[in-house]
Amino acid sequence: MSFFGKMFGGKKEVAPTTGEAIQKLRETENMLIKKQEFLESKIEEELNTARKNASKNKRVALQALKKKKRLEKQLQQIDGTLSTIEMQREALESANTNTAVLTTMKNAADALKSAHQNMDVDKVHDMMDDIAEQQDVAREISDAISNPVAFGADLDDEDLERELDELEQENFDKEIIGIPEPTPTLPEAPTEDLPEKAKEKKKAVPKESVTEGEDDEDMKQLIAWSK
């Protein structure tokens with residue numbers, strides 16, 4: 001479109017997408033890099049020409065140096081242009097990334113909105129209350145089933161604990177301290193003689209007394225004879 005068409009409201013051009021603009025900038029950047037390499041080679045050629053003719057032909061050497069200066073100026077301009085194009089391309093790439101991120105986030109928000117479209121917050125709260133109530137009922141039923149109502153209800157816990165403590169103490173004495181287990185005591189044998197044995201002793205007493213008397217008489221006779 002011409003300049004006057006833009007000024008007086010001519011037909012508007014459709015703006016390129018960020019991807020198209022980035023591609024165009026990359027193509028321009030590659031073109032300028034190739035031209036930059038060409039200018040660098042031409043500058044090297046003119047410098048070599050000036051070296052060769054520095055002492056032989058000063059006019060040719062001066063022309064070569066002037067051309068080298070013009071080429072260096074063009075190279076400097078291309079460097080600035082490349083820097084500008086590079087910054088513009090990076091800005092477009094960043095904008096393109098942001099656009100893609102925002103598009104993805106919008107799609108996710110729409111999907112979430114669609115998922116919640118048929119949901120009512122009050123109904124959800126009511127459903128959660130029903131679930132909690134049923135859980136309480138199930139807990140009460142489990143407690144009722146597990147409660148030993150008719151089995152062992154007449155047992156005294158204190159008596160059971162006391163008996164258990166005694167058993168633990170007994171095991172402790174056997175295993176750790178080494179206290180022997182008490183043996184059952186037998187009844188002691190009677191020290192007094194039975195009636196039959198007492199009668200036998202009474203019958204044996206006169207015989208012993210007679211024997212002792214005879215011994216005394218023999219001892220007396222023996223003593224007399226020795227004198």
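Worth saying up front: this structure is predicted, and the values here are computed from it rather than measured.
For Ala64, the side-chain contact (heavy atoms from CB on, under 4.5 Å) partners two or more places apart in sequence, or in a different chain, are Glu46, Thr49, Ala50. Applying the side-chain hydrogen bond (donor to acceptor under 3.5 Å, both in side chains) rule to Asn48 yields the partners Arg51; only residues at least two apart in sequence or on another chain are considered. Taking the side-chain hydrogen bond (donor to acceptor under 3.5 Å, both in side chains) definition, one finds that Glu72 meets it with Lys68, sequence neighbours left out. Looking at residues two or more places apart in sequence or on another chain, you find a salt bridge (charged side-chain N to carboxylate O under 4.0 Å, His left out) between Glu45 and Lys42. Residues passing the side-chain hydrogen bond (donor to acceptor under 3.5 Å, both in side chains) test with Asn98: none are found, sequence neighbours excluded. Residues satisfying the side-chain contact (heavy atoms from CB on, under 4.5 Å) criterion with Val101, sequence neighbours excluded, are Thr97, Met105. Gln74 is linked by a side-chain contact (heavy atoms from CB on, under 4.5 Å) to Leu39, Leu71, counting only residues two or more places apart in sequence or in another chain. Applying the side-chain contact (heavy atoms from CB on, under 4.5 Å) criterion to Glu37, with sequence neighbours excluded, gives Ile33. Residues satisfying the side-chain hydrogen bond (donor to acceptor under 3.5 Å, both in side chains) test with Arg70, not counting sequence neighbours, are none.
Rounded to the nearest 0.5 Å, atoms OG1 (Thr28) and CD (Gln23) are 10.0 Å apart.
Counting only heavy atoms from C-beta outward, the side chains of Glu170 and Glu166 never approach each other to under 4.5 Å.
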Which pairs of donor and acceptor atoms, one on a side chain in residues 80-90, lie under 3.5 Å apart (sequence neighbours left out)?
residue: Thr81; atom: OG1; partner: Gln77; partner atom: O; Å: 2.9
residue: Ser83; atom: OG; partner: Asp79; partner atom: O; Å: 3.1
residue: Thr84; atom: OG1; partner: Gly80; partner atom: O; Å: 3.1
residue: Arg89; atom: NE; partner: Glu29; partner atom: OE1; Å: 2.9
residue: Arg89; atom: NH1; partner: Glu93; partner atom: OE2; Å: 3.2

Donor-acceptor pairs under 3.5 Å, side chain of residues 126-140 to any protein atom, not counting sequence neighbours: which ones?
residue: Asp136; atom: OD1; partner: Arg139; partner atom: NH1; Å: 2.8

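Residues Ala21 and Leu92 approach most closely at CB-CD1, 3.6 Å, considering heavy atoms. Contact between Lys58 and Ala54 at its shortest, heavy atoms only, is CG-O, 3.7 Å.
For residues 99-123, the side-chain hydrogen bond (donor to acceptor under 3.5 Å, both in side chains) pairs, not counting sequence neighbours, are Lys106-Asp110.
Within a 6.0 Å radius of CD in Glu27, other residues, nucleotides and ligands contribute more than 12 heavy atoms.
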